[in-house]
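Input: a single structure, listed below in structure tokens.
Convention: sequence-line order gives letters A, B, ...; per-chain numbering from 1. Below, all heavy atoms of this structure are taken into account, side chains as well, without hydrogens, waters or symmetry copies.
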There are 2 protein chains.
Amino acid sequence: MPPIKVKNAGKSVSAKRKSGVTGKAVTRIQREKQDAILEAALDVFSLHGFRGATIDQIAEQAGMSKPNLLYYFPRKEEIHKRLMKTMLDTWLQPLREFSAEGDPIPEIRSYIRRKLEMARDYPRESRLFANEMLQGAPRLIDILEGELKDLVDEKVAILLSWMDEGKIARTDPYHLIFSIWATTQHYADFDVQVRAVLGKDRGGEGRFEDAARFLENLFMQGIAPTKLPSR
Amino acid sequence: MPPIKVKNAGKSVSAKRKSGVTGKAVTRIQREKQDAILEAALDVFSLHGFRGATIDQIAEQAGMSKPNLLYYFPRKEEIHKRLMKTMLDTWLQPLREFSAEGDPIPEIRSYIRRKLEMARDYPRESRLFANEMLQGAPRLIDILEGELKDLVDEKVAILLSWMDEGKIARTDPYHLIFSIWATTQHYADFDVQVRAVLGKDRGGEGRFEDAARFLENLFMQGIAPTKLPSR
DNA sequence: GTCTATATATTGATAGAC
DNA sequence: GTCTATCAATATATAGAC
């Protein structure tokens, strides 16, 4: 699996000299400090959730004092908000790229592969998201019911049209998407368990290749158009 | 899906009059208080993780004062330890019941159904477990590498023998189990997201029936013996 | 067994010197 | 911008009266 390219996870080019929130000019050193904070915060929030994370921990990991950190992000919640924003952008990219243009089977296979690559390359983002879900998504529920639902509905329509055309087996498109999410993200969120169960001999880096092979096979069988429609 | 019976989630019969830890006699009222605490703690821990949960919250939810709670469980960690213990017992039951005796296809189908019923009926236990995984399983790693790995290895051997006999398709048994775990637990751990995406019309109680139909179909296709072995 | 009161540490956040 | 010092709130846990 090759590394995947993702939209600039930092600030957008147009915001290079202005902070979107405050409108104040932003120097290179300011951006570097902010990035160090966000990087450290991703570690801590993804591990302990919002309430379990402490500013102390984040500041230490970022290599600065607590008041210094609070100079850049006056409130704990704002760090978290920023992380969630950029995380969601990265996280939903594979689904956005899911296209009606290509052939159905390769398109779905490719989506699975990209999602698994995300779990491999961005496990902290996956855990940050999972933490928020476990807590009932108090800071994300609006996006789930709005932007995310709209995006999924759009892709579900594509899947349904493919089913109508007999290009893939008739099955529940929502639960198909849920299953792809669940199986791929599992390798980030439950990584400890995966490693522990596979043991030393099989728990190395090769586990993602094995997972990719298995998942592509599983879902390709599940949507093969030669099969009878699910009852 | 009928409700499932699970081994007594409270104290075992033989421990009815003795507390396993202290050896002291335990009255009915003591058990009731302990149960109320554990019940409330399951709510709070499953929502906020170990560090994010507070004794205040648990005590309030259990309807007692903080010192009163600490009379029964002198340390926060001991409440969590007890919860993890009983949770794991409940949680691994479906896998323990997975038997080499029955026919392969119905046996696997039945395992999927039971795991999904667990997600439906014990979502808090699922989230408690997920929270621990996200944190790197600091309080559970020994069990994962010991008891759980042994149990999985045992069931993997059964799956492999079925593959050798041509009764199910040849595929990676570990990742098959991971996929079943991931897809079923998803409906407990990511419940908010599932509801949000399905919307008002499809996000009701029927979602578990839909999920069961989809998952059984997906995995039955994936392991059907008529298929060629996965390359 | 349950309460009020409190000890002790940690938390998010601020003040003000430099 | 960064620091030390510190505040107010909250955290786990204990003391001791009843």
Side-chain angles (χ1 to χ4, degrees), chain A residues 17-19 21-45 47-84 131 135 138-139, chain B residues 17-19 21-45 47-84 131 135 138-139:
Chain A
R17 295 207 48 85
K18 296 250 188 185
S19 155
V21 181
T22 64
K24 279 182 283 196
V26 174
T27 68
R28 180 183 57 87
I29 231 174
Q30 281 175 322
R31 268 203 315 285
E32 284 175 1
K33 285 259 178 182
Q34 283 192 6
D35 287 351
I37 292 168
L38 290 170
E39 175 71 15
L42 183 54
D43 274 353
V44 180
F45 279 129
L47 214 56
H48 296 294
F50 182 77
R51 291 193 45 174
T54 72
I55 298 183
D56 268 305
Q57 244 181 312
I58 299 171
E60 190 192 345
Q61 187 117 350
M64 66 187 74
S65 70
K66 189 161 54 170
N68 196 187
L69 182 151
L70 287 164
Y71 171 79
Y72 291 98
F73 291 91
R75 332 215 120 256
K76 178 185 179 182
E77 197 162 352
E78 280 171 35
I79 312 177
H80 194 260
K81 215 185 289 178
R82 270 280 289 277
L83 275 182
M84 297 283 277
N131 252 309
Q135 290 162 35
R139 288 165 283 268
Chain B
R17 293 209 49 86
K18 295 254 194 180
S19 153
V21 181
T22 64
K24 276 182 283 195
V26 173
T27 69
R28 180 183 59 85
I29 232 174
Q30 280 176 322
R31 268 202 317 283
E32 284 174 3
K33 286 258 177 181
Q34 284 193 4
D35 287 350
I37 292 169
L38 290 170
E39 175 70 16
L42 183 53
D43 274 352
V44 179
F45 280 130
L47 213 56
H48 297 292
F50 182 76
R51 290 191 44 174
T54 72
I55 297 183
D56 266 307
Q57 247 180 310
I58 298 171
E60 188 191 348
Q61 186 116 350
M64 66 187 76
S65 70
K66 190 160 51 170
N68 195 189
L69 181 150
L70 287 164
Y71 171 78
Y72 291 99
F73 291 90
R75 332 216 120 255
K76 179 184 178 181
E77 199 165 349
E78 279 171 35
I79 312 176
H80 193 261
K81 215 184 290 180
R82 270 280 289 276
L83 275 182
M84 297 283 277
N131 252 308
Q135 289 162 34
R139 284 166 286 267

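Taking atom CD on B:E32 and atom C1' on C:dG1, their separation rounds to 15 Å, with Å as the unit. Residue A:H48 contributes atom NE2, which lies 12 Å from atom P of C:dG12 at whole-angstrom precision. Whole-Å rounding puts the A:I55 CD1 to C:dG12 P distance at 5 Å. Note: CG (B:N68) to C1' (C:dT4) measures 13 Å, nearest angstrom. Separating the CD atom of A:E77 from the C1' atom of C:dA13 is a distance of 14 Å, rounded to the nearest angstrom. Taking atom CG on B:D56 and atom C1' on D:dT14, their separation rounds to 15 Å, with Å as the unit. Taking atom CD of residue A:Q57 and atom C1' of nucleotide C:dG12, one finds them 14 Å apart after rounding to whole Å. The CD-C1' distance, from A:E78 to C:dA13, rounds to 12 Å in whole Å.
Within the 4.5 Å cutoff, side-chain heavy atoms of B:Q34 are placed close to those of B:R82. A heavy-atom distance below 4.5 Å is not found between the side chains of A:F73 and A:H80. Residues A:N131 and B:N131 form a side-chain contact, since some pair of their non-hydrogen atoms from C-beta on lies under 4.5 Å apart.
Taking 4.0 angstrom as the limit, A:S65 places a side-chain polar atom (N or O) nearer than this to OP1 or OP2 of D:dC3. In terms of phosphate contacts, A:R75 brings no side-chain nitrogen or oxygen within less than 4.0 Å of OP1 or OP2 of C:dT11. Remark: A:Y71 is in phosphate contact with D:dG1, judged by side-chain N or O atoms under 4.0 Å from OP1 or OP2.
Put simply, the side chain of B:K76 gets close to the backbone of B:A53: a donor and an acceptor are under 3.5 Å apart.
At the heavy-atom level, A:K66 lies under 4.0 Å from base atoms of the strands shown. Within the 4.0 angstrom heavy-atom criterion, only backbone atoms of the sugar-phosphate kind lie near A:Y72; the bases stay farther away. Backbone-only contact: B:A53 has heavy atoms under 4.0 Å from sugar-phosphate atoms and none from a base. Heavy atoms of A:L70 sit under 4.0 angstrom from at least one base atom.
Side chain of B:P67, nearest nucleotide from C:dG1, C:dA5, D:dA11: C:dA5. The side chain of A:K76 lies closest to C:dG12 when the candidates are C:dG12, C:dA15, C:dT11. Out of C:dA13, D:dT2, D:dA11, the shortest distance to the side chain of A:R51 is found at D:dA11.
Among B:I79, B:I37, B:I55, the one residue that satisfies the side chain to side chain contact (heavy atoms under 4.5 Å, CB included) test with B:L70 is B:I55.
Judged by closest nucleotide on DNA chain C, B:K33 is the one of A:P74 and B:K33 placed further toward the 5' end.
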